[in-house]
Undergrad: 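Dropping a structure here in structure tokens format, bear with me for questions.
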Amino acid sequence: MSATESTKRKIVRSVCPFDCPDTCSLHVTMENDVIVSIDGNPDHPVTQGAICNKVRHLHERVYHADRILYPLRRTGPKGTLEFERMSWDEAYDEIVSRLKTAIARKGAETILPYSFYGNMGILNAEGMDRRFFHRLGASRLKRTICNAAGSAGYGYTMGASAGTDPETTVHTKYALIWGCNLVSTNMHQVMYLTEARKRGAKIVHIDVHRNRTSAWADEFVGILPGTDTALALGMMHVMIKEKLTDERFIAEHTTGFEELAVQAEKYPPERAAAITGVPADTIVRLAREYAGTTPSFIRIGNGLQHHDNGGMAIRTIACLPALVGQWGIPGGGAIKGNSHYSAVNDQALERPDLLPDRSVRSINMNRLGEALTEAKPSVDVLFVYNSNPAVVAPDQNRVRQGLLRDDLFTVTHDLFLTDTCKYADIVLPATSHFENLDLYSSYWHLYLQLHEPIMEPMGECKSNFTLFKELGLRMGFEPEIFNITEEQMIREALACDNPFLRGLTYEELREEGSVKMKLDRPSLAPGKLPTPSGKIELFSERMQGAGLPPAPEYAPLREPEEYPLLLVTGPNHSFINSTFGNQSRLKKLEKEPVVDLHAEDAAARGIAHGDAVRMWNGRGEIRLKAKVAGNVLQGVLVTQGLWWEHGNDGVQAVNALTSQRLADMGGGATFFSTRVDIEKL
Ligand SMILES: Nc1nc2c(c(=O)[nH]1)N[C@H]1C(S)=C(S)[C@@H](COP(=O)(O)OP(=O)(O)OC[C@H]3O[C@@H](n4cnc5c(=O)[nH]c(N)nc54)[C@H](O)[C@@H]3O)O[C@H]1N2
Ligand SMILES: Nc1nc2c(c(=O)[nH]1)N[C@H]1C(S)=C(S)[C@@H](COP(=O)(O)OP(=O)(O)OC[C@H]3O[C@@H](n4cnc5c(=O)[nH]c(N)nc54)[C@H](O)[C@@H]3O)O[C@H]1N2
Ligand code: SF4
Ligand SMILES: [Mo]
């Protein structure tokens with residue numbers, strides 16, 4: 001339909017705010033100030049005009065009839081979604097009075113913020129909120145639910161979350177996609193590697209699940225969950241034995257090759273095969289292909305690190321590019337994450353110096369269930385924003401038991417009445433990112449993007465920035481720290497000594513919208529890595545100091561639940577974590593929760609494809625549909641998606657089965673190391 005003459009049509013620039021590596025640059029078409037369509041910015045070097053289906057329909061989310069438009073007070077029992085409207089003044093008065101009472105009774109440690117990256121903007125995810133809770137002296141939250149184990153593991157090898165510039169991966173000739181569901185979770189990496197394939201590259205997907213990424217790759221290597229360290233050591237065994245390593249690079253850029261070789265020696269392909277389920281001849285071939293092709297590239301995914309041994313798996317895989325001298329070659333190397341390059345001045349942004357007592361306790365967000373039910377002193381005030389713990393946190397029955405406590409005062413700030421909001425005493429309405437000024441970096445590509453609001457706040461919604469600014473002022477906190485503008489805060493964050501951001505100004509960001517970090521200084525020059533030795537550490541004294549094996553070493557999963565099958569509970573294609581789980585268009589695409597299982601495991605239990613099944617362990621149970629389609633190895637179950645219970649008749653959230661147990665490094669989550677049994681209903 002053509003626009004009428006009176007229709008005012010414009011295309012404005014935006015950024016995708018979600019927890020997705022691609023951090024796309026968006027072009028939003030508005031008619032009379034209403035969003036009518038959303039596209040990828042064709043001029044952005046990474047986005048290249050392409051975005052995912054989720055965000056193409058983001059206006060449906062922004063204008064959704066279920067958006068919370070004003071503050072709500074609970075009127076029924078917790079868990080029932082009975083609320084009445086209240087004013088912001090009433091909400092602020094009550095929250096301030098509850099905070100002050102909690103502090104007077106048992107101290108500020110009884111207050112716990114709980115947040116993650118529902119919105120990745122630095123002001124709204126780790127800006128004014130952090131200042132507020134630091135100044136309050138609240139319990140600190142260890143934000144470990146996503147990449148903590150892997151970042152620690154990668155950091156031991158490489159010093160920081162920094163790897164290959166993804167734009168160079170069009171030059172790759174051999175790519176290992178390792179524990180990463182790229183087609184669903186990093187579509188622009190797929191675009192670069194599809195171009196690389198046109199130029200002759202081979203793409204291998206190593207995963208516990210034959211999924212969309214396997215269908216796109218040239219080869220799928222199915223592996224048993226939590227055994228990747230043994231596969232990497234098996235490949236190293238072959239590479240060292242057959243002298244396929246780059247001795248010059250190893251001598252110049254690494255420490256501890258001898259210790260690594262001693263470990264690799266213990267993993268001949270037959271032994272690695274017995275542990276991993278990958279045939280020995282495949283391991284030999286992978287080693288020869290990887291070491292024999294240049295440039296070679298590894299995309300290290302999140303799937304590996306959500307295991308008991310996830311830190312070590314990533315630490316070990318991160319050693320591979322150094323053994324074949326792939327760092328510094330365009331299209332060579334690896335990406336686990338690249339957030340190091342865009343690091344802003346955290347101290348200025350978050351102001352940890354405001355903490356009245358630096359010894360205040362830290363609570364690991366993966367142990368929220370325990371924190372709400374057992375912590376001493378108890379958590380008496382919980383403040384949730386940018387997160388939906390009733391669905392995404394492990395051991396959900398414990399989490400919900402905690403959320404149901406009558407003596408817990410819970411505030412949630414969100415765009416929608418999530419499963420977590422059901423337990424809130426006060427629900428506050430959040431703006432969408434379209435309504436806010438913020439700065440976005442990516443944890444994969446190398447551009448910083450400034451986002452200026454493209455619409456007015458809906459209803460009485462407030463951004464996280466505004467909420468914590470106004471709460472701070474109502475608490476009587478210092479105006480010079482709290483009564484500032486978004487622009488001032490971004491300027492404070494940009495004032496830093498990160499060489500990759502040198503010379504970058506707010507004005508440049510405003511003018512350009514998107515600015516690439518300056519990677520002209522070789523980041524892998526000898527002696528320049530941010531490890532203690534300045535080199536790639538194949539042997540790590542820091543790990544030894546932390547009581548970890550200093551060289552790569554395989555350890556089995558530690559799940560104590562005695563159930564026969566291993567369940568991997570990953571995300572799905574059409575949601576982002578639990579975000580979008582309330583949108584009918586995307587729910588329809590995902591149809592319903594299913595669990596993939598092996599034909600023999602199914603037959604042994606009389607389960608057929610399409611049957612309704614029950615999965616359980618000592619922590620809980622869930623019901624869903626069985627899928628028997630040759631997608632997993634024997635002994636393995638896989639679900640996809642963090643589904644909402646609310647609004648989905650009969651659907652149960654999968655984290656009822658997962659554990660609060662922590663991974664080997666970084667306090668990471670162990671979502672994927674879950675033992676269960678399954679039966680036909
Ligand atoms: N569409 C979509 N995109 C997303 C998200 C989403 O929910 N949906 N979430 C975003 C977020 S927060 C993150 S952290 C990333 C996550 O994105 P990815 O890095 O792709 O991580 P996952 O999807 O968690 O897991 C990746 C793969 O690891 C496999 N896997 C599990 N255990 C093992 C193992 O032991 N060994 C091997 N080799 N493979 C294993 C899983 O089957 C899965 O296919 O994606 C982001 N992007
Ligand atoms: N079993 C299992 N569990 C998992 C995972 C898994 O693979 N399997 N993945 C884990 C991973 S990798 C991650 S990163 C976590 C993610 O866990 P969460 O960070 O909790 O992610 P979401 O479920 O997307 O919830 C984000 C919430 O923030 C809200 N939100 C969005 N923008 C704003 C805003 O500007 N202000 C406020 N106040 N709220 C906003 C959204 O509406 C949404 O309800 O889940 C983890 N949980
Ligand atoms: S969710 Fe990811 S792929 Fe989709 S538009 Fe946002 S950044 Fe791009
Ligand atoms: Mo994540």
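Both ligands and their constituent atoms are indexed starting at 1 by order of listing.
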Undergrad: Less than 4.0 Å is my threshold; does some heavy atom of Asn572 fall inside it relative to ligand 1?
TA: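 Per 4.0 Å heavy-atom rule, Asn572 contacts ligand 1.
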Undergrad: Find all atoms of ligand 2 within a distance of less than 4.0 Å from any non-hydrogen atom belonging to His413, and give their numbers and elements.
TA: 37 (C), 38 (N), 39 (N)
Undergrad: Would you tell me which option among Thr213, Asp207, Asn631 has the nearest heavy-atom contact to atom 41 (C) of ligand 1?
TA: Asp207
Undergrad: For atom 31 (C) of ligand 2, which protein heavy atom lies nearest, and how many Å away is it?
TA: Gly118 O, 3.4 Å
Undergrad: Check whether the side chains of Asn41 and Ser25 place a donor and an acceptor atom closer than 3.5 Å, and report yes or no.
TA: yes
Undergrad: Are any of the side-chain nitrogens in Glu460 or Arg67 under 4.0 Å away from the carboxylate oxygens of its partner?
TA: no
Undergrad: So which of Thr639, Thr579, Asp19 gets nearest to atom 22 (P) of ligand 2, if we judge by its closest heavy atom?
TA: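 The nearest heavy atom belongs to Thr579.
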Undergrad: Touching ligand 3 at all, Asn186? Heavy atoms, strictly under 4.0 Å?
TA: no
Undergrad: If I apply the N/O under 3.5 Å rule, does Thr227 come out as touching ligand 1?
TA: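 In this structure, Thr227 places no N or O atom under 3.5 Å from an N or O of ligand 1.
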Undergrad: Mind checking whether Ser578 contacts ligand 2 via backbone (N, CA, C, O), side chain (CB onward), both or neither, at a 4.0 Å heavy-atom cut-off?
TA: both
Undergrad: Tell me: protein heavy atom nearest atom 34 (C) of ligand 2, and distance?
TA: Asn386 OD1, 3.2 Å
Undergrad: Show the atoms of ligand 1 that are less than 4.0 angstrom away from any heavy atom in Cys146.
TA: 14 (S)
Undergrad: Heavy-atom contact under 4.0 Å between Lys54 and ligand 1?
TA: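 Heavy atoms of Lys54 do come under 4.0 Å of ligand 1.
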Undergrad: Under 4.0 Å from a heavy atom of Arg61: give me the atoms of ligand 2 that qualify, with their elements.
TA: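 Counting from 1, the qualifying ligand atoms are 41 (C), 42 (O).
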Undergrad: Could you pull out, from Leu642, Val392, Leu567, the option with a heavy atom nearest to atom 5 (C) of ligand 2?
TA: Leu642
Undergrad: Has Tyr70 got more than 12 heavy atoms of other residues, nucleotides or ligands less than 6.0 Å from its OH?
TA: no
Undergrad: For Phe18, state whether at least one heavy atom is located under 4.0 Å from any atom of ligand 2.
TA: no
Undergrad: Using a strict 4.0 Å cut-off to heavy atoms of Ile576, name the atoms of ligand 2 that fall inside it.
TA: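 Counting from 1, the qualifying ligand atoms are 24 (O).
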Undergrad: Of all the non-hydrogen atoms in the protein, which one sits nearest to atom 15 (C) of ligand 2, and at what distance?
TA: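 Here the nearest protein heavy atom works out to Ile145 CG2, 3.7 Å.
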Undergrad: Show the atoms of ligand 2 that are less than 4.0 angstrom away from any heavy atom in Phe116.
TA: 14 (S), 19 (O)
Undergrad: Using a 3.5 Å cut-off on N or O atoms only, is Val568 in polar contact with ligand 1?
TA: no
Undergrad: Does one side chain, of Asp207 or His209, offer a donor that lies under 3.5 Å from an acceptor on the other?
TA: no
Undergrad: Where the closest heavy atom to atom 25 (O) of ligand 1 is concerned, which of Gly303, Gly226, Gly150, Pro21 has it?
TA: Gly303
Undergrad: Look only at interatomic distance and state if Ile206 has a nitrogen or oxygen under 3.5 Å from any nitrogen or oxygen of ligand 1.
TA: yes
Undergrad: So is His306 touching ligand 2 or not, going by heavy atoms under 4.0 Å?
TA: yes
Undergrad: Please work out which of Asn655, Leu657, Asp414, Asn582 has its closest non-hydrogen atom nearest to atom 43 (C) of ligand 2.
TA: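 Shortest heavy-atom distance from atom 43 (C) of ligand 2: Asp414.
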Undergrad: Under a 4.0 angstrom heavy-atom cut-off, which atoms of ligand 3 come close to Ile576?
TA: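 Contacts of ligand 3 toward Ile576, numbered from 1: 1 (S).
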Undergrad: What's within reach of atom 8 (Fe) of ligand 3, meaning protein N/O/S atoms under 2.8 Å?
TA: Cys24 SG
Undergrad: Examine Phe575 against ligand 1 and note whether any of their N/O atoms are separated by less than 3.5 Å.
TA: yes
Undergrad: Between Gln189 and Thr169, is there a side-chain donor-acceptor contact under 3.5 Å, judged purely by atom types and distance?
TA: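 Gln189 and Thr169 do have a side-chain donor-acceptor pair below 3.5 Å.
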Undergrad: Does Asn436 approach ligand 2 within less than 4.0 angstrom via side chain, backbone, both or neither, non-hydrogen atoms only?
TA: neither
Undergrad: Give yes if a backbone or side-chain nitrogen or oxygen of His307 is under 3.5 Å from a nitrogen or oxygen of ligand 1, and no if not.
TA: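 Between His307 and ligand 1, an N or O pair is found under 3.5 Å apart.
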Undergrad: Hey, is Asn124 one of the residues with a heavy atom under 4.0 angstrom from ligand 2?
TA: no
Undergrad: Show me which atoms of ligand 2 lie under 4.0 Å from any heavy atom of Pro571.
TA: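 Numbered from 1, ligand 2 contributes 7 (O).
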Undergrad: For ligand 2, which atoms sit closer than 4.0 Å to a heavy atom of Leu415?
TA: 30 (N), 31 (C), 32 (N), 33 (C), 40 (C)
Undergrad: Could you tell me if any non-hydrogen atom of Val638 lies under 4.0 Å from any atom of ligand 1?
TA: no
Undergrad: For ligand 1, is there an atom lying under 4.0 Å from some heavy atom of Ser184?
TA: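 Yes, that is the case, since the closest heavy atom of the residue is under 4.0 Å from the ligand.
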Undergrad: Looking at Thr418, which atoms of ligand 2 are within less than 4.0 Å of one of its heavy atoms?
TA: 44 (O)
Undergrad: Using the salt bridge (Lys or Arg N to Asp or Glu O under 4.0 Å) criterion, which residues pair with Asp39? Sequence neighbours excluded.
TA: Arg56
Undergrad: Nearest heavy atom to atom 8 (N) of ligand 2 wins, so pick from Asp129, Asn147, Thr670, Thr569.
TA: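 Closest candidate by heavy-atom distance is Thr569.
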Undergrad: Could you tell me, atom by atom, which parts of ligand 2 come under 4.0 Å of a heavy atom of Asn119?
TA: 32 (N), 33 (C), 34 (C), 35 (O)
Undergrad: Do other residues, nucleotides or ligands put more than 12 heavy atoms under 6.0 Å from the NZ atom of Lys627?
TA: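 No - once you tally the heavy atoms of other residues, nucleotides and ligands closer than 6.0 Å, there are 12 at most.
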Undergrad: List the closest protein heavy-atom neighbour of atom 21 (O) of ligand 2: residue, atom name, distance to the nearest 0.1 Å.
TA: Asn577 CB, 3.7 Å
Undergrad: Between Asp596 and Asn631, do the side chains contain an N or O donor and an N or O acceptor separated by less than 3.5 Å?
TA: yes
Undergrad: Give me the atom names and distance for the closest heavy-atom approach of Phe672 to Gly303.
TA: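 Smallest heavy-atom distance, with atoms named: CD1-O, 3.3 Å.
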Undergrad: Closer than 4.0 angstrom: is that true for some heavy atom of Tyr117 and an atom of ligand 2?
TA: yes
Undergrad: Nearest heavy atom to atom 4 (C) of ligand 1 wins, so pick from Thr185, Leu182, Asn302, Asp22.
TA: Thr185
